[in-house]
Amino acid sequence: MTQTAEALASKLKSIIRDVPDFPKKGIIFKDITPLLADHAAFTELVKAFADHYRKAGVTKVLGIEARGFLLAAPLALELKAGLVPVRKKGKLPYKRVSATYALEYGTDTLEMHEDAVKPGEKVLVVDDVLATGGTAAAVCEMVDKLGAKVAGVAMLIELEFLKGRAKLGAHEVHSLIKY
Ligand code: AMP
């Protein structure tokens, strides 16, 4: 990490709130709402992401429901790219592709519209937290199914001890904050 990246990371860390035992015992929930409420910090983080991808030729930014939407939208505008919501099963109205991934107990399914990205497009996948990597890997699988290319996986926070990166294979993962 460069000095500026480190300075930004420690600033963002100081604003993010740890909520122990949410949504269940043993989980430390990384609450980004204080960051979203801080105009200067929010602006800085969007700019840091945009600077990283400005030359990557990104044509679509995919935000993962729900906190991913909040980061993906300003980033898409900054990169002059389109915005695509990736949603939980049953929320999108038009024809969809889907990917199912394993949770601690059971499975979950994510969906996106089948015409949301075109073959050959360069797609940036965005979410707030990379934990085990199952969610982001499922999204990359959908991008592959549609014949588009994952230009990168952008995560505000990476929980390194959960080794989510390993699930994402050769995809480039960029996180601003690591724990
Ligand atoms: P995973 O599929 O395990 O990488 O989990 C990633 C998804 O779960 C993301 O959409 C995150 O928003 C959410 N998530 C996982 N762990 C946490 C955490 N400690 N705090 C906040 N959100 C989390």
Side-chain angles (χ1 to χ4, degrees), residues 8-38 41-42 45-46 48-49 52-53 58 60-76 83-92 96-113 116-117 123-145 150-179:
L8 177 64
S10 59
K11 180 174 177 179
L12 298 178
K13 269 185 182 178
S14 73
I15 302 172
I16 289 165
R17 177 163 51 202
D18 280 1
V19 183
D21 299 324
F22 184 88
K24 56 185 180 183
K25 210 164 173 51
I27 305 276
I28 300 176
F29 190 87
K30 298 291 180 193
D31 176 17
I32 66 163
T33 60
L35 196 50
L36 301 171
D38 183 324
F42 193 18
L45 89 84
V46 171
F49 271 138
H52 187 80
Y53 295 106
V58 172
K60 291 280 164 59
V61 178
L62 264 64
I64 304 177
E65 185 168 351
R67 291 181 300 277
F69 297 164
L70 303 168
L71 303 175
L75 186 53
L83 173 69
V84 176
V86 174
R87 303 215 57 185
K88 300 270 171 63
K89 191 179 167 66
K91 303 279 187 186
L92 287 169
R96 299 158 299 266
V97 285
S98 66
T100 298
Y101 59 101
L103 298 172
E104 197 179 348
Y105 302 105
T107 60
D108 215 343
T109 300
L110 289 172
E111 295 182 329
M112 58 189 276
H113 278 150
V117 300
V123 172
L124 179 62
V125 175
V126 179
D127 205 356
D128 63 336
V129 176
L130 178 66
T132 66
T135 308
V139 175
C140 292
E141 191 187 311
M142 283 191 279
V143 173
D144 280 352
K145 268 190 209 170
V150 176
V153 177
M155 294 283 163
L156 175 59
I157 298 165
E158 178 176 1
L159 304 177
E160 288 186 297
F161 53 94
L162 293 174
K163 305 194 180 342
R165 237 170 226 268
K167 270 220 187 86
L168 293 168
H171 298 307
E172 190 253 7
V173 179
H174 180 59
S175 56
L176 297 184
I177 306 166
K178 299 177 205 309
Y179 291 94

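Nothing here was measured: the structure is a model prediction, and the numbers come from that model. Whatever order the structure lists ligands and atoms in, that order sets their numbers, starting from 1. When reading the values below, keep in mind they use all heavy atoms of this one structure, side chains included, and skip hydrogens, waters and symmetry mates.
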Practice problem: Determine, stepwise, if the pair I32 / L36 fulfils side-chain contact (heavy atoms from CB on, under 4.5 Å). | Solution: CA-CA 6 Å; I32 66 163; L36 301 171; 4.2 Å; yes
Could you tell me whether [X] atom [atom1] has more than 12 heavy atoms of other residues or ligands within 6.0 Å of it?
X    : atom1 : answer
K91  : NZ    : no
I27  : CD1   : yes
K178 : NZ    : yes

Quiz item: Using 30° and 60° as the class limits, which term best fits the ring planes of H52 and H174: parallel, tilted or perpendicular?
Solution: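 Ring orientation of H52 relative to H174: parallel.
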Exercise. Decide whether a cation-pi geometry holds between K167 and Y101; the criteria are a distance under 6.0 Å from NZ or CZ to the six-membered ring centre and an angle within 45° of the ring axis.
Key: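 No.
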What are the polar N/O contacts of ligand 1 with the protein below 3.5 Å, with distances?
from	atom 1	to	atom 2	distance (Å)
ligand 1	2 (O)	G134	N	3.4
ligand 1	2 (O)	T135	N	2.9
ligand 1	2 (O)	T135	OG1	2.5
ligand 1	3 (O)	T132	N	2.8
ligand 1	3 (O)	T132	OG1	2.5
ligand 1	4 (O)	A131	N	2.9
ligand 1	4 (O)	T132	N	3.0
ligand 1	4 (O)	G133	N	2.7
ligand 1	10 (O)	D127	OD2	2.7
ligand 1	12 (O)	R67	NH2	2.7
ligand 1	12 (O)	D128	OD1	2.6
ligand 1	19 (N)	I28	O	2.9
ligand 1	20 (N)	K30	N	2.9
ligand 1	22 (N)	R67	NH2	3.1

